[in-house]
There are 4 protein chains.
Amino acid sequence: MGCWTMEKQVHGKKEAIIGAALKLFTERGFYGTSTAQISREAGVATGTLFNYFSTKEDLINDLYYEVKGNLSQSLREGLGDESSFQAKIKRMWSNLIDWGVSNPQEFLFTEHFCSSPYISKLTRDEVLKEYTFFRDVVREGMEEGQMKEFPQDLIMSILFDSGKTVVRLILNSPGTQDKEQLIENSFQLIWGGLAKE
Amino acid sequence: MGCWTMEKQVHGKKEAIIGAALKLFTERGFYGTSTAQISREAGVATGTLFNYFSTKEDLINDLYYEVKGNLSQSLREGLGDESSFQAKIKRMWSNLIDWGVSNPQEFLFTEHFCSSPYISKLTRDEVLKEYTFFRDVVREGMEEGQMKEFPQDLIMSILFDSGKTVVRLILNSPGTQDKEQLIENSFQLIWGGLAKE
Amino acid sequence: MGCWTMEKQVHGKKEAIIGAALKLFTERGFYGTSTAQISREAGVATGTLFNYFSTKEDLINDLYYEVKGNLSQSLREGLGDESSFQAKIKRMWSNLIDWGVSNPQEFLFTEHFCSSPYISKLTRDEVLKEYTFFRDVVREGMEEGQMKEFPQDLIMSILFDSGKTVVRLILNSPGTQDKEQLIENSFQLIWGGLAKE
Amino acid sequence: MGCWTMEKQVHGKKEAIIGAALKLFTERGFYGTSTAQISREAGVATGTLFNYFSTKEDLINDLYYEVKGNLSQSLREGLGDESSFQAKIKRMWSNLIDWGVSNPQEFLFTEHFCSSPYISKLTRDEVLKEYTFFRDVVREGMEEGQMKEFPQDLIMSILFDSGKTVVRLILNSPGTQDKEQLIENSFQLIWGGLAKE
DNA sequence: GATGAATGAGATTTCATTCAT
DNA sequence: TATGAATGAAATCTCATTCAT
């Protein structure tokens with residue numbers, strides 16, 4: 001039982017707790033999930049949770065930060081390979097939908113807790129920093145005159161929220177939808193309203 | 001002290017409770033709000049709440065039904081006066097945004113609790129019946145060939161969710177936005193992607 | 001609606017409340033029965049109960065007094081017609097069992113509440129006065145040397161409790177017992193141990 | 001601070017709760033006793049009670065099972081040493097009375113809750129299994145023709161209930177009765193009616 | 001006297017958090 | 001660091017009782 005094992009053990013516990021929290025918070029909500037349930041699901045003692053997170057709110061804030069960072073990473077995947085504005089938007093569009101469909105628990109978690117009182121302003125601000133790249137891409141497109149003249153906030157919100165709408169649509173009608181086709185359709189719908197010409 | 005006064009008194013209490021619940025549930029969530037807080041905010045005794053609603057869950061279900069019915073009514077306002085498909089959609093679009101901006105508490109309440117486990121399937125089904133008119137309008141438009149060929153669910157979801165996006169945008173940046181202009185802009189954005197041609 | 005009707009109405013209500021209380025207290029116990037339930041069962045308003053009984057405890061004490069008085073009356077029925085000591089005891093024995101079997105609700109009520117904290121010492125003492133005749137009969141028998149020499153308390157308790165045992169036996173095995181035969185048997189059993197010779 | 005101490009500590013709390021519950025349930029009844037009172041009397045926190053018993057009803061069922069098991073044990077004490085039928089009955093008779101007088105709280109508890117709705121059918125059935133020995137002894141005596149011909153149920157009920165009557169008599173007149181003499185007397189009374197000849 | 005809405009104290013139970021081991 | 005028994009504040013809901021009509 002060397003140092004390596006111990007450290008792994010430790011990391012394993014924290015991760016197990018985060019994983020359990022993600023699952024249970026998503027399924028039953030914040031107040032619907034007790035720290036005892038999280039501990040049990042994670043396979044640790046009730047006290048152990050508080051060695052890693054000083055309060056239950058701390059835990060959900062950490063989780064929120066992690067999941068949102070995760071999404072931010074996924075959104076940027078392959079973004080550097082795209083050159084045209086449309087291609088960049090399209091790439092983020094698919095990335096968002098792919099992420100949501102592949103990580104339904106994470107997706108639903110962000111849905112449930114994006115406007116929750118348990119997530120602190122601090123966490124929210126910290127998270128926002130990870131999304132400046134999105135603002136940059138859109139601003140660039142506006143400056144290049146690639147889009148009709150809409151307020152930037154409107155564009156960003158519509159893009160993000162509509163993408164989430166599509167994810168929800170897919171998750172709610174499992175199996176019955178052709179995902180790729182839907183991504184294509186929905187992108188055309190939004191892009192059609194956005195693009196100049 | 002007549003009959004009229006009595007009835008008013010009675011209605012006053014129930015309405016006060018509903019109003020307090022709307023405010024507090026929206027601000028702090030379901031579990032974050034105690035029935036004692038609701039009673040205090042409503043200016044009644046703790047027991048009085050349970051004379052009108054046998055359970056806390058009963059209360060939120062009633063509230064949900066009322067608020068959603070309210071929205072449904074507002075969406076239909078003046079709808080009969082419109083003849084063209086575009087005008088109908090536009091009318092509902094403005095109605096939705098007007099309602100959300102004029103009733104921010106109700107709007108945020110629906111946002112928080114639209115996919116909540118506290119709202120029963122029964123309530124949800126009951127509410128859905130009030131929205132068939134929306135489905136009918138959209139279907140009609142599709143059959144008349146007024147829109148590009150997208151799945152009906154996609155159209156409905158994008159319309160509704162994008163409208164809500166705009167409301168959120170206005171509520172989050174108070175004073176700084178020209179509401180009418182934003183309604184116009186946003187409608188063009190969505191309609192531009194939707195309409196044939 | 002003359003005076004007679006009104007008075008009858010009033011008496012009817014009090015009796016209805018007593019009747020409902022007897023039924024419900026016996027079935028569900030004192031704390032298991034709310035005054036609201038009693039009122040509903042009696043067909044009166046919740047407030048009406050408190051026009052007749054100032055507290056719930058008052059009600060059960062009244063009820064106790066009434067039921068025990070009732071039993072006392074029944075025990076004495078035909079007692080004056082008997083001359084021998086054995087006949088007197090036998091008469092009370094049958095009276096007790098008949099009463100219990102014919103009034104199971106009253107019988108079970110006395111069983112449940114004979115040693116209850118809700119019945120006040122005052123009530124209990126008041127009730128005891130109705131049973132001096134029993135003590136007198138037994139004392140007389142002792143003085144006449146009709147029984148073996150046992151303490152009077154023991155005799156009285158055994159007589160009364162064994163009678164109740166028989167009632168319970170009959171009530172618990174409905175239909176399967178020959179009541180008259182059982183009364184005869186049980187009396188022989190007790191009298192056999194009691195009588196001199 | 002060793003293992004022994006820990007175990008004792010743990011057992012101590014559970015036992016303290018059981019003891020407090022026995023005392024208070026007996027004195028004030030089930031609904032008349034709050035779990036908070038039990039906890040206070042036991043010297044533990046309100047939550048601790050629910051670490052050991054998931055419900056107040058659970059607690060009283062456990063208690064019932066324990067007390068009745070206890071009595072069953074006591075009834076059988078020395079029973080194997082007796083050979084004649086009369087001696088066996090006499091032995092159980094004294095055992096019952098001794099137990100009741102030495103454990104008045106337990107005795108009164110069984111009196112109050114023997115026909116209580118809080119005790120589940122399951123518990124009751126479980127308890128009954130502990131009393132088959134009594135039925136066996138009586139049946140044996142009947143088959144050997146040691147008693148007059150009475151129904152077995154009558155015999156068993158009279159025996160058990162009359163024993164309890166004697167306990168009550170002793171408990172209600174503290175100090176004034178000669179216990180051993182009373183046991184002797186009362187046994188003669190019952191046995192005199194029961195025995196053949 | 002009859003009514004029943006209103007009251008608020010009190011009951012059971014949960015659960016985040018602590019701390020001795 | 002890990003554990004889990006112990007804690008006690010807080011939550012939902014009940015119900016005896018009051019009182020204006």
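Reminder, nothing fancy here: chain letters follow the sequence lines and each chain counts from 1.
Distance C/Phe25 CZ to F/dC15 C1': 13 Å, rounded to the nearest Å. Residue A/Phe53 contributes atom CZ, which lies 18 Å from atom C1' of E/dT18 at whole-angstrom precision. Atom pair C/Ile17:CD1 and E/dT3:P shows a separation of 9 Å (rounding to whole Å applied). E/dA11 atom P lies 13 Å from atom CZ of D/Phe30, rounded to whole Å. A/Asp58 places its CG atom 13 Å from the C1' atom of E/dA16, with the value rounded to the nearest Å. The CG-C1' distance, from C/Leu24 to F/dC15, rounds to 15 Å in whole Å. Rounded to whole Å, atom P of E/dA16 lies 12 Å from atom OH of A/Tyr118. Atoms CZ (D/Phe50) and P (F/dA10) sit 18 Å apart, rounded to a whole Å.
With sequence neighbours left out, the side-chain contact (heavy atoms from CB on, under 4.5 Å) criterion links D/Leu171 to D/Pro104, D/Phe107, D/Val167. In this view, C/Thr26 and C/Leu22, C/Gln105, C/Leu108, C/Phe109 satisfy the side-chain contact (heavy atoms from CB on, under 4.5 Å) rule, not counting sequence neighbours. Under the side-chain contact (heavy atoms from CB on, under 4.5 Å) criterion, D/Phe50 pairs with D/Thr35, not counting sequence neighbours. In this view, A/Tyr64 satisfies the ring-ring contact (aromatic ring centres under 6.0 Å, His included) rule with no residue, not counting sequence neighbours. Every side-chain contact (heavy atoms from CB on, under 4.5 Å) that C/Ser34 has, sequence neighbours left out, goes to C/Ala36, C/Gln37.
Within the structure, every pair that satisfies the salt bridge (charged side-chain N to carboxylate O under 4.0 Å, His left out) test and touches residues 114-130 of chain A, not counting sequence neighbours, is listed here: A/Arg76-A/Glu130, A/Lys121-A/Asp125, A/Glu126-A/Lys129. Residue pairs that meet the salt bridge (charged side-chain N to carboxylate O under 4.0 Å, His left out) test with at least one member in residues 27-53 of chain B, sequence neighbours left out, are B/Lys23-B/Glu27, B/Lys23-B/Glu41.
Across the interface with DNA chain F, nearest-nucleotide mapping of D/Asn51 and A/Asn51 shows A/Asn51 to be the residue nearer the 5′ end.
Here the nucleotide nearest the side chain of D/Lys56, chosen from E/dT12, F/dC13, F/dT3, is E/dT12.
Of the residues in residues 31-49 of chain D, those placing a heavy atom less than 4.0 Å from an atom of DNA chain F are D/Val44, D/Ala45, D/Thr46, D/Gly47, D/Thr48, in numerical order.
Summarising the geometry of C/Lys56 relative to C/Phe25, their closest heavy-atom pair is CE-CE2, 4.1 Å, with the distance given to 0.1 Å.
Here A/Lys13 reaches the OP1 or OP2 of F/dT3: one of its side-chain N or O atoms lies under 4.0 Å away. Checking the phosphate oxygens (OP1, OP2) of E/dG1, no side-chain nitrogen or oxygen of C/Tyr52 falls inside 4.0 Å.
C/Tyr31 and C/Tyr118 have perpendicular rings, their planes meeting at more than 60° on a 0 to 90° scale where under 30° would count as parallel.
Where DNA chain F pairs in unbroken runs of 3 or more (Watson-Crick or G-U, both distances under 3.5 Å), the stems are E:2-21 with F:2-21.
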